[in-house]
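Reckoned from all heavy atoms, side chains included, excluding hydrogens, waters and symmetry mates. So you know, we letter chains A, B, ... as the sequences are listed, proteins then strands, and number each from 1. Everything numeric here is computed off the predicted structure, so don't read it as measured data.
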Number of protein chains: 2
Amino acid sequence: MTLKKVVRKSLSEAVFDQLSEEIVHGNMEPGQRLPAERELCEALGVNRGACREALQRLAQAGLISIQHGGSTKVLDYRASGGLDLLGRLLFRPDGGFSIQVARSILEMRAALGPDIAALCARRAKPELKGQLREVVTALSAAGEDLNQRQLLGMRFWDLLARGSGNIAYQLANNTLRKTYEKIRHVLTELMRDELLDHKSHQAIAEAIFRGDDLSAKHVTRGLLEKGTSRMLQFLARFEKAQNKESKT
Amino acid sequence: MTLKKVVRKSLSEAVFDQLSEEIVHGNMEPGQRLPAERELCEALGVNRGACREALQRLAQAGLISIQHGGSTKVLDYRASGGLDLLGRLLFRPDGGFSIQVARSILEMRAALGPDIAALCARRAKPELKGQLREVVTALSAAGEDLNQRQLLGMRFWDLLARGSGNIAYQLANNTLRKTYEKIRHVLTELMRDELLDHKSHQAIAEAIFRGDDLSAKHVTRGLLEKGTSRMLQFLARFEKAQNKESKT
DNA sequence: CCAAGAAAACTGATCATACCAGTTGACCAG
DNA sequence: CTGGTCAACTGGTATGATCAGTTTTCTTGG
């Protein structure tokens, strides 16, 4: 039996979810006016405070623009949204996930990963190296437990991002991790090869231990490119099938 | 005469700014309890609604964790913050900016840029190529007007990110652009060489026009590495001077 | 004395209502 | 056509009450 954490949603969060979903996947055009707060909260059956909290959050996410006295307008999320939108974009209303967004994430990962590893090799402090060693040890002990390997993989990348001394990488990694956590269970089998490639993970760690940035970058690139191309290949086939299906 | 847009801040935004500044640059430890809403709004002299709006936004930014019934706790922004934190991290309380954060941003830009250009060369549609051509034309007409070249440069990168067909790059670019807009005026002279390197910009555009991804990547890497290393060099000198100063 | 359970105190969540403040657009005088 | 006035609309602030969870404290039965 696997127990799942009960999610309790506040009203403002429910409103936020509904509106952002409507903006991202619905039929709201950029520039379109949102109903006035008083109308909106009446239509949604919630008090104005909850409604305002949601609207403020939407504005922070770059999905709407609020102007005192004027009306609230929908923005083009592609031009003003932040990286945290990835999670919402990835999942489609029908329950599946967007292949285009998944590809985007994989490409970004492949572009950043090697540089993160290289910087980590150059800058990591002894304490972090120790933690990294523990993760590698745990990885070699995890055997073929793919779920466990995914969790350790996240920790692996968290450490690399931290060790890179690059705060932008750390923050981007935070966002990507949050997105990954939501989708990793459907990717488990697809990532099998990458997850089981213990040799690469070990080689990256060892390159970092000895401060060999070039080697760290090179091995990381190999690991990610192999995993990425494999997943992209699969996604492309999947996409084709999906298109064919949607044409019927 | 240069007119600057008047900024009007709402109460909730002021509270948000103050608290996030306190968390990021102040002395609040992760795990520390925030005062209860009722105390907080009294201490700040604002109503509870404004206070709650700010707290909800802080939670969305990954700076605090709110729990119904329990108390609100400060999180470790390095482990849970999103990329939009960059802007706040970049600027220090004393008015200057953090060299470490600036370096991070430059490194990220250097890692992403070449891949963005390559993907754009592979995927850009005719319409986007047309817009890109206009920007390049405008750049060649801008002469040595560095301010104008900065603006066109932003547009240049916006187009590349959009043309890459990679939504993650677009969203990351949005965040980086927002940060850049806040600091670009102090970087103008420092970026002189990069801004005036019209040859590289033109070469990137032309590589994109003919779908030559490898060339686009290569030229972009050259442009960014040159600009980055120059700025990093300067920042390193600056950092040294700053350290020396802080020791006295 | 201790552990289980009830009660109290505390915290965030929701609600209703009133009023303040900025924007917009229609209208009118010059 | 310009500038000003005013009414209607929109978001912002304020207050006070109540609901709903969590944490702490205290009681109680063993």
**Study point:** Heavy-atom protein contacts under 4.0 Å, nucleotides 6-14 of chain C, coded B base, S sugar-phosphate only, - none
**Key:** -----BBBB
Exercise for review: Rounding to 10 degrees, work out the angle separating the end axes of the helix from C:dC1-D:dG30 to C:dG30-D:dC1 (five pairs an end).
Suggested key: 10°
**Study point:** Pairs where residues 54-63 of chain A contributes a residue and the test salt bridge (charged side-chain N to carboxylate O under 4.0 Å, His left out) is met, not counting sequence neighbours
**Key:** none
Review point. Can B:Asp84 and B:Lys178 be counted as an ion pair, charged N to O under 4.0 angstrom?
Key: no
Exercise for review: Please list, chain by chain and in numerical order, all residues satisfying side chain to side chain contact (heavy atoms under 4.5 Å, CB included) with B:Leu151, sequence neighbours excluded.
Suggested key: B:Asn147, B:Gln148, B:Met154, B:Arg184
Review point. Who are the side chain to side chain contact (heavy atoms under 4.5 Å, CB included) partners of B:Leu34, not counting sequence neighbours?
Key: B:Met28, B:Leu55, B:Ile64, B:Thr72, B:Val74
Review point. Take atom CD in B:Glu42; do more than 12 heavy atoms of anything else shown fall under 6.0 Å from it?
Key: no
**Study point:** Donor + acceptor pair across side chains of B:Asn174, A:Tyr77 (<3.5 Å)
**Key:** no
Practice item. State which residues pass side chain to side chain contact (heavy atoms under 4.5 Å, CB included) with A:Val186; sequence neighbours excluded, sorted by chain then number. Key: A:Phe97, A:Ile183
Point to revise | Spacing of B:Arg8 atom CZ relative to C:dG22 atom C1', expressed in whole Å | key: 7 Å
Check your understanding: Looking at A:Leu187 and A:Gln150, what are the two nearest heavy atoms and their distance?
Key -> C-NE2, 4.3 Å
